[in-house]
Amino acid sequence: MTTCPHCKSDCVQLRHKGRKAASTVGGLAGAVGGIASAMSGLQSGPTYGPNGGTLGAMLGALAGVLVGGIVGGGVGSALGGKAGDALDEGLFDQYECTSCGRTFTP
Ligand SMILES: [Zn+2]
């Protein structure tokens, strides 16, 4: 059991500060990238569609944006979380004491 080196309380919790930040940034970057690739698909889409169907192209673009954003966001968030874990281990204090509010690395 990890205890606080400042007040000896065992009411400590992992912070994951870097992980949360990197996960958020990664998710945003992934979503933006997914949507951007869907938009570029929209521009070239009508040339592939039957009769150059505008409705089909719009639906396809909408699905592309949704899927691109969700998948890209999920992948980016997962990758960011992994990178953030490394940051947490190296850069940030890993634990926060809920009794005295101070942070520390065991
Ligand atoms: Zn403490």
Side-chain angles (χ1 to χ4, degrees):
M1 189 70 192
T2 304
T3 56
C4 174
H6 304 291
C7 69
K8 308 301 180 197
S9 167
D10 59 3
C11 297
V12 296
Q13 60 187 14
L14 281 168
R15 298 180 75 218
H16 292 313
K17 186 176 184 180
R19 178 193 211 159
K20 282 176 189 164
S23 175
T24 302
V25 171
L28 282 175
V32 168
I35 290 170
S37 63
M39 297 304 270
S40 69
L42 172 64
Q43 289 171 355
S44 58
T47 57
Y48 299 119
N51 309 321
T54 309
L55 182 63
M58 286 177 65
L59 286 176
L62 188 63
V65 168
L66 285 175
V67 172
I70 292 169
V71 172
V75 170
S77 180
L79 289 176
K82 281 199 168 65
D85 276 345
L87 284 178
D88 280 333
E89 287 176 17
L91 279 181
F92 298 105
D93 290 333
Q94 287 185 297
Y95 286 87
E96 178 176 14
C97 174
T98 55
S99 293
C100 70
R102 297 170 89 164
T103 59
F104 61 95
T105 303

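Every heavy atom of this structure was used, including side-chain atoms; hydrogens, water molecules and symmetry mates were not. Since the model is a prediction, treat every value here as computed from it, not as a measurement. Whatever order the structure lists ligands and atoms in, that order sets their numbers, starting from 1.
Between Gln94 and Thr105, the shortest heavy-atom contact is N-OG1, 3.8 Å. Ala22 and Gly80 make their closest contact through CB-O, 3.0 Å (heavy atoms, listed as atom of the first residue, atom of the second, distance). The two residues Cys11 and Ser99 come nearest to each other via the heavy atoms CB-OG, 3.7 Å.
With a cut-off of 2.8 Å, the Zn ion (ligand 1) has no N, O or S atom of His6 in range. When distances to the Zn ion (ligand 1) are checked against a cut-off of 2.8 Å, Cys97 contributes an N, O or S atom below that limit.
The distance from atom OG1 of Thr3 to atom OH of Tyr95, rounded to the nearest 0.5 Å, is 10.5 Å.
If you put the vertex on the Zn ion (ligand 1), SG of Cys100 and SG of Cys7 sit 120° apart, to the nearest 10°.
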